[in-house]
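Quick caveat: nothing in here was measured; it's all calculated off a predicted structure.
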Amino acid sequence: MLSPSASPLIRALQYTGLVILVAVALATAFSLWSPSSLLPARVAQEISLAMATRIGGNSTLLPVTPTRRALPLIGIVAGHSGPQNDPGAVCSDGLTEASVNLNAANKTKDILEKAGFRIDLLNEFDDRLAGYKALAMISIHSDSCAYINTLATGFKVASALYSPIPDRSAKLTACMTNRYGKRTGMSFHAGSITRDMTVYHAFNELDPTTPAAIIEIGFLNLDRDILTNHADLIAQGIAEGILCFVRNEPVP
């Protein structure tokens, strides 16, 4: 207790001592009572995270999630398809080249998409062909349905007669020829490659950096069975030829 008769100095010291004792007692009681943080746990955690990852003035902001890169693109023309209603070669029973080509193109598209590529399925005369840029473009066609002779069987592949990228066009043609022949067991019918194939209209429409080739997948007469009843095999051969090129696989 403070003595009223004590000198001013002693009374001041007594007041100071009393204040210190009260402060110590309160601090001790408060530390025993209070939680480790006055903030809710979640708020404290978020503030700690923000402080730990704070961005300085010269730092670069990064996206929360990485931007997905576009899949590599390949173009496939289904020969004679489109609104022009051109069936191509027509067999006596009504089978059309356009239907065979489109079936093979759709199946090839499915295989390549499963392999991780983005595929444009293009019509014969397609506005998108103007300046078209892709890893490669393949146009799928079939040969005559008329009986010519016993040698009118097999497939053929050609690129542009005058290509601005001859080495890449030659590699694409070699890949298509090798892989398609191995997969289907069909022979290469080189003797019937026509000027219509080497000056194919789409070759002049594409961007000059896009390698392109046209494939006649077989004759609708003598090769009809494999073209219509084994279209999966046909598509696998086309897809493997394209993959050989875009993956830069070796060819004989």
Residue pair M137 / A202: nearest heavy atoms and the distance that separates them: CE-CB, 4.0 Å
Does E97 reach the main-chain N or O of A89 with its side chain, forming a donor-acceptor pair under 3.5 Å? yes
For H201 and E124, what are the C-alpha separation, side-chain angles and deciding distance, and is it a side chain to side chain contact (heavy atoms under 4.5 Å, CB included)? CA-CA 9 Å; H201 71 89; E124 180 66 67; 2.7 Å; yes
Considering residues at least two apart in sequence or located in another chain, which fulfil the side chain to side chain donor-acceptor pair (under 3.5 Å) criterion with N229? D225
Would you give the length of the straight line joining atom CD of E113 to atom OG1 of T108, rounded to the nearest 0.5 angstrom? 11.0 Å
Correct closest heavy-atom pair for A104 and A235 would be O-CB, 3.9 Å
R128 side chain to L121 backbone, donor-acceptor under 3.5 Å: yes
Sort and list the pairs that fulfil disulfide bond (SG atoms under 2.5 Å apart) and have at least one residue in residues 188-252, not counting sequence neighbours. C175-C244
Hey, does the side chain of N149 reach the backbone of A152 with a donor-acceptor pair shorter than 3.5 angstrom? yes
Can any side-chain N or O of N103 pair as donor or acceptor with the backbone N or O of T228 at less than 3.5 Å? no
So, do M197 and K156 sit near enough that their side-chain heavy atoms are less than 4.5 Å apart? yes
So if you build clusters from Ile, Leu, Val, Met, Phe, Trp, Tyr with side-chain heavy-atom gaps below 4.5 Å, do I76 and F125 land together? no
Looking at every non-hydrogen atom in both residues, tell me the closest pair between A212 and S159 and how far apart they are. O-CB, 3.6 Å
Should L112 and L71 be regarded as members of a common hydrophobic cluster, given that ILVMFWY residues are connected when their side-chain heavy atoms come within less than 4.5 Å of each other, either directly or indirectly? no
Does any non-hydrogen side-chain atom of F245 lie less than 4.5 Å from one of L135? no
Any salt bridge linking E249 with R179? Criterion: basic side-chain nitrogen under 4.0 Å from a carboxylate oxygen. yes
In Å, rounded to the nearest 0.5 Å, how long is the span from CE of M176 to CD1 of I217? 10.0 Å
For L151, does its backbone N or O pair with a side-chain atom of H189 as donor and acceptor, under 3.5 Å? yes
With a 4.5 Å cut-off on side-chain heavy atoms, are N178 and P252 touching? yes
Looking only at non-hydrogen atoms, find the nearest pair between V251 and A174 and report the distance. CG2-CB, 4.0 Å
S163 side chain to S169 side chain, donor-acceptor N/O pair below 3.5 angstrom: yes
Same apolar cluster (I L V M F W Y, side chains within < 4.5 Å links), I242/F188: yes
According to a 4.5 Å side-chain heavy-atom criterion applied to Ile, Leu, Val, Met, Phe, Trp and Tyr, with indirect links allowed, do I74 and L102 form part of one hydrophobic cluster? yes
Between V100 and L95, is there a side-chain heavy-atom distance shorter than 4.5 Å? yes
Would you list the pairs meeting salt bridge (charged side-chain N to carboxylate O under 4.0 Å, His left out) in which at least one residue belongs to residues 211-224, sequence neighbours left out? D93-R224
Looking at side-chain heavy atoms only, is the closest gap between N248 and K171 below 4.5 Å? yes
Non-hydrogen atoms of N101 and G79 that approach each other most closely: ND2-O, 3.0 Å
Among D126, V77, L73, which residue meets the side chain to side chain contact (heavy atoms under 4.5 Å, CB included) test with Y132? L73
Mind checking whether Q236 and I111 have side chains closer than 4.5 Å, heavy atoms only? yes
Would you say the side chain of I140 lies within less than 4.5 Å of the side chain of I238, judging by non-hydrogen atoms? yes
Just do the side chain to side chain contact (heavy atoms under 4.5 Å, CB included) check on V157 and I214 with the steps written out, would you? CA-CA 6 Å; V157 184; I214 181 171; over 6 Å; no
Expected output: side-chain S99 to main-chain T96 donor-acceptor under 3.5 Å: yes
Would you compute the distance between atom CG of L227 and atom OG of S142 and round it to the nearest 0.5 angstrom? 5.5 Å
Output the distance between atom OG1 (T198) and atom CZ (F203), rounded to the nearest 0.5 Å. 8.0 Å
Check for a donor-acceptor pair, side chain of N221 on one end and backbone N or O of C145 on the other, with a separation under 3.5 Å. yes
Under a 3.5 Å cutoff, is there a donor and acceptor pairing between the side chains of K133 and T209? no
Do the side chains of T184 and H230 get nearer than 4.5 Å, heavy atoms only? no
Are I226 and I234 close enough, and set up right, to give a side chain to side chain contact (heavy atoms under 4.5 Å, CB included), and what steps lead you there? CA-CA 8 Å; I226 189 171; I234 296 294; 4.0 Å; yes
Centroid separation Y200 to H141 less than 6.0 Å: yes
Quick check on the hydrophobic clustering: are I165 and I138 connected, directly or via other members, by side-chain heavy-atom contacts under 4.5 Å? no
Closest non-hydrogen atoms of P83 and N123, given as atom of the first, atom of the second and distance, are CD-ND2, 4.0 Å
Is the number of heavy atoms from other residues, nucleotides or ligands under 6.0 Å of Y162 OH greater than 12? no
What orientation do Y180 and F155 show, parallel under 30°, tilted 30 to 60°, or perpendicular over 60°? perpendicular
Considering only NZ, NE, NH1 and NH2 on the basic side and carboxylate oxygens on the acidic side, decide whether D120 and K109 come within less than 4.0 Å. no
